[in-house]
Structures are given as structure tokens and as C-alpha cells.
Amino acid sequence: MEKILKTLRKSEQIAYQLRSVFEQYGYQKFRMAKFEAYDFYTNYKDFLADSPILTFTDFSGKLMALKPDVTMSIVKNTRATEKCPEKLYYTESVYRLSREVREFKEIFQIGLEYIGKVSAYTQVEVINLALKCLACIDEDYVLGVSHTGFLSGFFDAVPVNQTEKRTLLDCLESKNLHELDRLIGQYHLDDQLGKQLKMIAGIGGPIEAELQKINCLILNEKMRIAYEELQSLYNVLKRNQLSKAIRIDFSLTTDEKYYNGLVFRGYVMSVPKAILSGGQYDNLLIRMQKPDLQAIGFAIYFDELERVLKQPENHCYDMVILYDDNSDLSVLYEEIEDLICNGKRVYVGENIPQKIKGAVYCKMEGNRRVEIQI
Amino acid sequence: MINIALPKGRLGDQVYKLFSSIGYQCNSVSSDSRKLVFEDPLSGVRYFLIKPFDVGIYVERGVADVGVIGKDVLMETKPKVYELLDLGFGCCELTVSALNDYQDDFESVLRVATKYPNIARQYYQGQNREIEIIRLNGSIELAPILGLSDVIVDIVETGSTLRENHLKICEHIATSSARLIANMRSFQFNQSEIHAMTESIIEMMQQ
């Protein structure tokens, strides 16, 4: 099996590795149809960040959509209950508008969803799996973790309206301390709150050190609960080396309509954008008439990964074998089967197309394979 | 090695002076040269000279770890980056300007010439005003003179170009200055170096 895996592209190898990790932890593959009735999304459009949906009319005249999101379909179909949770993972494509080129793009995702009752251990398990996924992709990785409760608790104590809150959150998101400073003055926030807001914006280091700073910022019960969740997460995960990659990062402000607890975003050194994104999303379940359930999950986006993980040597065959009318086809067949069994990638043909490159080139002369120079 | 995206032109020269004064010198950097990449292994820095409107793209996509960009361009292109510092120079105003004798006719669609279509659209949406955007790449002041547009949305530094072309400022949209931006991934992996950089810049600015 290992030999076969090595012959695949790096991104495909990673996909199999992630699936194997999920299976080991008891998550089962969820397979779904490519299309969903368009009506389904019209009810929950605010969860799709105003992204338009790619639609078509099926043979019966019904308007259908190519899935812009996987989680909503999983939540719609879930049979989970509080006592019997569902642990699922998926490998699916979603279709979204690309911000840069204003065209629809197919994005391959691998994701994981836990639906049921989210306990402290569930949070540990999911964060641990997110870290493991990042470690499968690159040896240098970081998982930024935030908590919507901490930010929303803080803003409960700040006398600003919704628009002003959004503007302040935008500053947190872009780590824009100079604009934050200006707005604190403009909105007449008292000195202590202004100072605390700037401290929140500056938090971004390893979890252990930052937890102490966060503890000093607690203003109310909501913030305390959030802090305790982060602390208990760290208390369990600190036994594992992987936890060194966790950073507290409140620039992850996210959408409170969707997320309600832990939120996280993963980066690897080789990819310039975040490749993993997730969090606890009980609010979506409430909107989808499943208020007794809670859920947490994440997705890994393969669009950037596939470009970065291109392996030039993958396009190079271990051996290129030429044959002609004088070649003994039975011997050729046996030789190729032997090479394949040993995990080699072999290209066989009468000619060598321009794009085909080999580590070794051979020719079948009668029943003998002879190495040749190209 | 840290990769820095510099905007070509006068602003870039100013930014390079600032960076070299805090230890990121690279003797080969010259805006007169046709070279676009300058590297100094001793200082551990590589500079890219980039058109100001493209700096955000290079930083967002991680080719450059940090870069300097005008707030006007940042507002227009909205790259997904961290905006770490207001450098306080390269200041200008984003304004709506028109011919000195222009009278707004609120009953007709306003024709707006600009190289900032997103800012213009957002600004007039806030006023519920129907507009027609005329996207131009330069010499915006010419548009109302030749009757191509009613107004222009553009940056104004001293106002002398406007005055010489018999234009006046009608409305103020925003104030712009040079901003230090960082790629999100690079920031996560090089936090201490980027923090040290911003601290040194703040110290220099305070002197």
C-alpha cells in the first residue's frame, strides 16, 4: 500500500493520510450528492457570506445548486442526537465565487464534523485532529485559536452600537492598532476599556503565555467561561508536542451568526493563506431547527495546497520503456508487471511524447531490455 | 530572509530610506535601475519594486512578507492582509472634485471618473446616489474638463493640479497615508521579527 501511495501526487497522498487519521479517531466518511435544491440555500443565505450560488435547472424544471457549502447539507441530514453523536468526515468539492477573478471556482475540501453534545473532550479531540492534519501537510504549522464568547463578552461591556462594534472588530481582524487607537477616541471609550481592547488586539503568541494575559482581561461571566474553555483545552493538550503550534489569536473575529465558541484557523509555512478553518457552530443548528444539538468541525482547503505541493519529480517516471515490432511483448509485459509490483512508475510506448521524462530510459530489443541514452 | 514589497516611485524611495535606517539596508536598491529585485544576504532582506496598486496582491499571496501601500490603494483593493502601522508619510486626501463652476444636478445619474471604482461606489452607495463609474488609469482631471464625467474621485496631495485645471474639491472621502502591511501566514511564522521591525519604525518615527 505504501508503495502505491508514493506513486500519487503529494496532495493525493495527504488526502489519504487525513482520511486515515479521521478513521483512526472513529470518524466515518459522509458521502453526498453534488447538487442541492436551490431553495435550501435561500433560507440560509446569510451563512454564505453573500457569495452567489451556481445554479442549473434539472430535467423536471427544478432549480438546483452546485454545493457552495458542505456543512449545511450534513447538518440538514444528520441523525445525531444529544446521546448519540455523529462523527463524520467528507472529501467533497464546493463551488464558490473567487474573490480575485470574479469567476466560480471548484474548491476541493476535506473536512470533519462532530454533531451531538460538544463536551470539553470533544473540543480537545477536534483541535487535536486539526493539529494532526496540519502536521501531515507541513512540518511548520500554526493553529490560531480564538473564542467568540471572549470577544462578544468584551463587547457587551463596551458602550458602542452595532456599526461601531463592526468597525472595531474589523480593526482587530487586520491587527490595525493605529486605527483602533483613533476609534477609541472617536467613540469616547474610557481609558481602561481602550487599553484592554488594544491588549486583545495585540494577543497572538503561544497559548501558555497568552492565557495569563487573557485572564487579566476578564470583565464578565461570558469572558470567564470562554477563558476557562481555552484553559481546559490547553491543560489537556499541553501533554502533546503538537500543542506548541497553538496561538491565541483574536484577529479571528468570524461571524457570530454562525460560530458561538472556539474558532480556529490553520497555517502551514508552504502556503501563503490559511488552509484550515473551523469552530463550534451551534448557532447554525439553532437556525436549522436542531436546537438540542451542538456541533464543531473544520475544513481544509486544497485549492492552494495543490498548487504549492506540486512535485516536479512526480512528473518524472522511474522508467520509460520503448518497444517496436521486434520486441518480445510477453517479456515486455512481464518486466513491466515486475516493476509495477515494486512500486515503480513506468511509461511504455513506441515513442516518447515531449512532456514525458524518465529517470531511466530503456528499449526492448527482442527479449532483452537495454538501457539507452536520450 | 525577509521579503519586502516597495511601491515604485517617490513613496518607495521614502520607504526604503526608513527601512535602511532600521537595519534593512540593501546597497543595490535604486529606483533608477531597471532591476526589480534587490537582495542583501548580509542584512537578510530582499526588496521587490512593485507598482503601488499591486503591492497588496504580492503581500496577500505571500510573495512578499511585508509591504508598504497607500491607505487609498488598501481601501480600493481590500487585500486580506494585516495592516500593522500608519507610517505617517505619503499623506493625501481622497476627494470628490469637479470644475469650479460645477453645479450638481441631483435628478440625473452622476458620472464619476476615477481609478478607485470600489471606493467611489461604496461612497455614493452610502448616500443612496445613483452613479455611473468611468474607470480611468491616469490624468483623471481631464475627464470633467472634456465633459467625460461630472466629477472625479481621486487623491489630492497639494491641490495644485486641481487649481491649474480649474477644478475644486467638493467632498472629502478619506485621508490616506503609507501603511505597513503583512502577509497573514508570514506574520504567524515571523511574529518576533515583524514586531521588532514595527517597534524600530515607531522609534524612528518618534525621533
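Within every chain, numbering begins at 1; the chains are lettered A, B, ... in the order of the sequence lines, protein sequences first and strands thereafter. Bear in mind the structure is a predicted one, so any value in this text is a computation, not a measurement. When reading the values below, keep in mind they use all heavy atoms of this one structure, side chains included, and skip hydrogens, waters and symmetry mates.
Around the NZ atom of Lys168(B), the shell of radius 6.0 Å holds more than 12 heavy atoms that belong to other residues, nucleotides or ligands. The neighbour count for Lys213(A) NZ, taken as heavy atoms of other residues, nucleotides or ligands under 6.0 Å away, is above 12. For Tyr58(B), the OH atom is loosely surrounded, since the number of other residues' heavy atoms within 6.0 Å does not exceed 12. More than 12 heavy atoms of other residues, nucleotides or ligands shown are found within 6.0 angstrom of CG on Asp105(B).
Only the side chain of Gln191(B) comes within contact range of chain A, judged by heavy atoms closer than 4.5 Å. Using a 4.5 Å cut-off between heavy atoms, Val63(B) does not touch chain A at all. In this structure, the portion of Asp249(A) lying under 4.5 Å from any heavy atom of chain B is its side chain and not its backbone.
One distance of note links CD1 of Ile181(B) with CG of Asn176(A); it measures 11.5 Å at 0.5 Å rounding. Remark: Ser251(A) OG to Met184(B) CE distance equals 6.0 Å, nearest 0.5 Å. Interatomic distance, CG of Leu177(A) versus OG1 of Thr198(B), reported as 9.0 Å (0.5 Å rounding).
Considering only heavy atoms from C-beta on, Glu60(B) comes within 4.5 Å of Lys273(A) through its side chain. You'll find the side chain of Leu84(B) reaches within 4.5 Å of the side chain of Lys175(A), heavy atoms only.
Considering every non-hydrogen atom in both Asn183(B) and Pro272(A), the closest pair reads ND2-O, 3.3 Å. Smallest separation of non-hydrogen atoms from Glu83(B) and His178(A): OE2-NE2, 2.9 Å. A pairwise comparison of heavy atoms in Val142(A) and Phe189(B) identifies CG2-CE2, 3.7 Å as the closest pair. Contact record, Arg185(B) with Val271(A): CG-O, 3.2 Å, taken as the closest heavy-atom pair.
Contact tally against chain B (heavy-atom pairs below 4.5 Å) for Ala274(A), Ser174(A), Gly205(A): the top residue is Ser174(A).
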